[in-house]
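Below is one structure, written out as structure tokens, with a few remarks after it.
The basis for the numbers below is simple: all heavy atoms, side chains too, and nothing from hydrogens, waters or symmetry mates.
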Amino acid sequence: EIKRLLNPNKGVFGYVEHVAVQLENADERNKRSFLEWQQRTLDPLQQAVAHNCHLHRDTDAAILNTFSSSETSSELLYEERFFVDDMWPVSCQCCGVIALNSKRK
């Protein structure tokens with residue numbers, strides 16, 4: 001819906017979202033594996049009480065996939081993943097900015 005509402009020639013979308021913990025390296029596995037387990041375990045309960053909101057979803061990847069299409073060219077201007085430990089169980093956060101440029105002439 002957001003993609004549809006943005007101006008295809010110069011729309012800009014900024015987002016901040018909670019996302020699944022990714023255990024890509026040994027340091028993250030040591031520090032965050034319990035949080036990742038908690039997200040997976042509590043995800044069904046979260047969906048039931050929070051109107052299908054997921055604790056363990058790669059929302060940033062879903063956003064990037066949505067803005068990658070043949071109709072619209074998008075440019076990722078900024079992307080970051082970070083932790084806010086006081087926000088358990090949604091401690092893993094992401095933010096980003098995407099700009100649209102229409103391919104249609």
Side-chain angles (χ1 to χ4, degrees):
E1 184 65 12
I2 292 168
K3 184 178 176 184
R4 184 183 68 79
L5 294 172
L6 285 174
N7 181 328
N9 295 312
K10 58 184 174 189
V12 177
F13 176 59
Y15 61 92
V16 177
E17 275 287 339
H18 65 86
V19 290
V21 174
Q22 292 180 342
L23 304 175
E24 295 178 349
N25 59 50
D27 187 49
E28 288 176 357
R29 283 189 292 278
N30 291 335
K31 290 181 180 178
R32 308 290 183 186
S33 61
F34 186 58
L35 175 60
E36 195 264 348
W37 177 84
Q38 291 171 324
Q39 283 185 337
R40 286 186 185 274
T41 303
L42 295 173
D43 194 50
L45 176 63
Q46 171 76 2
Q47 291 173 54
V49 300
H51 306 286
N52 205 33
C53 178
H54 291 254
L55 289 174
H56 197 269
R57 181 180 276 174
D58 289 321
T59 311
D60 49 349
I63 290 169
L64 294 176
N65 287 338
T66 299
F67 282 92
S68 300
S69 75
S70 59
E71 296 175 3
T72 306
S73 171
S74 61
E75 179 184 0
L76 181 61
L77 302 177
Y78 182 80
E79 179 184 35
E80 180 181 359
R81 273 181 170 247
F82 55 95
F83 286 91
V84 182
D85 291 329
D86 291 340
M87 292 181 63
W88 177 92
V90 293
S91 305
C92 189
Q93 302 281 312
C94 71
C95 63
V97 178
I98 299 172
L100 299 182
N101 300 308
S102 179
K103 289 182 181 177
R104 285 187 256 167
K105 298 291 181 195

>> Taking salt bridge (charged side-chain N to carboxylate O under 4.0 Å, His left out) as the definition, give me every residue that meets it alongside D43, ordered by chain and number, with sequence neighbours left out.
In response: none
>> For A61, give me all partners under side-chain contact (heavy atoms from CB on, under 4.5 Å), at least two apart in sequence or on another chain.
In response: D58
>> Suppose we screen for side-chain hydrogen bond (donor to acceptor under 3.5 Å, both in side chains). Which residues come up paired with E24, at least two apart in sequence or across chains?
In response: none
> Looking only at heavy atoms, what is the nearest atom pair of L6 and V12, with distance?
Replying inline: CD2-O, 3.6 Å
> Listed by chain and number, what are the salt bridge (charged side-chain N to carboxylate O under 4.0 Å, His left out) partners of E80, not counting sequence neighbours?
Replying inline: none
> Hey, what do you get for NZ (K10) to CG (N101), rounding to the nearest 0.5 Å?
Replying inline: 11.5 Å
>> Are L45 and V90 linked, directly or through intermediate hydrophobic residues, by side-chain heavy-atom contacts shorter than 4.5 Å (ILVMFWY only)?
In response: no
> Is there a chain of hydrophobic side chains (I, L, V, M, F, W, Y, each step under 4.5 Å between heavy atoms) that links L64 to L77?
Replying inline: no
>> Nearest 0.5 Å, please: how far is CZ in R81 from SG in C95?
In response: 11.0 Å
> Hey, what else clusters with F34 if you join Ile, Leu, Val, Met, Phe, Trp, Tyr whenever side-chain heavy atoms sit under 4.5 Å?
Replying inline: W37
> Mind checking what makes side-chain contact (heavy atoms from CB on, under 4.5 Å) contact with A50, not counting sequence neighbours?
Replying inline: Q46, C53
> Does I2 CD1 have over 12 foreign heavy atoms under 6.0 Å away?
Replying inline: no
>> Once side-chain hydrogen bond (donor to acceptor under 3.5 Å, both in side chains) is applied, do any residues pair with R57, and if so which ones, sequence neighbours excluded?
In response: H54
>> Listing request: all side chain to side chain donor-acceptor pair (under 3.5 Å) pairs with a residue in residues 82-95, at least two apart in sequence or in separate chains.
In response: R32-D85, Q38-W88
> Any idea which heavy atoms bring V19 and Q39 closest together, and the distance?
Replying inline: O-NE2, 3.4 Å
>> So which atom in A20 and which in C92 form the shortest heavy-atom distance, rounded to 0.1 Å?
In response: O-SG, 3.8 Å
> Stepwise, does the side-chain contact (heavy atoms from CB on, under 4.5 Å) test hold for L55 with T41?
Replying inline: CA-CA 9 Å; L55 289 174; T41 303; over 6 Å; no
> Under a 4.5 Å cut-off applied to non-hydrogen side-chain atoms, are L76 and F67 in contact?
Replying inline: no
> Nearest 0.5 Å, what's the OG-CD1 distance between S74 and I63?
Replying inline: 12.0 Å
>> List the residues meeting side-chain hydrogen bond (donor to acceptor under 3.5 Å, both in side chains) with H56, not counting sequence neighbours, and say none if there are none.
In response: E36
>> Side chains of C94 and E79, heavy atoms from C-beta outward: is any pair under 4.5 Å?
In response: no
>> Could you work out, with ring pair (Phe, Tyr, Trp, His ring centres under 6.0 Å) as the rule, every residue matching Y15, not counting sequence neighbours?
In response: F13
> Under the side-chain contact (heavy atoms from CB on, under 4.5 Å) criterion, do H18 and M87 qualify, and how do the steps go?
Replying inline: CA-CA 10 Å; H18 65 86; M87 292 181 63; over 6 Å; no
> Can you check side-chain contact (heavy atoms from CB on, under 4.5 Å) on N7 and L100, steps first, answer last?
Replying inline: CA-CA 8 Å; N7 181 328; L100 299 182; over 6 Å; no
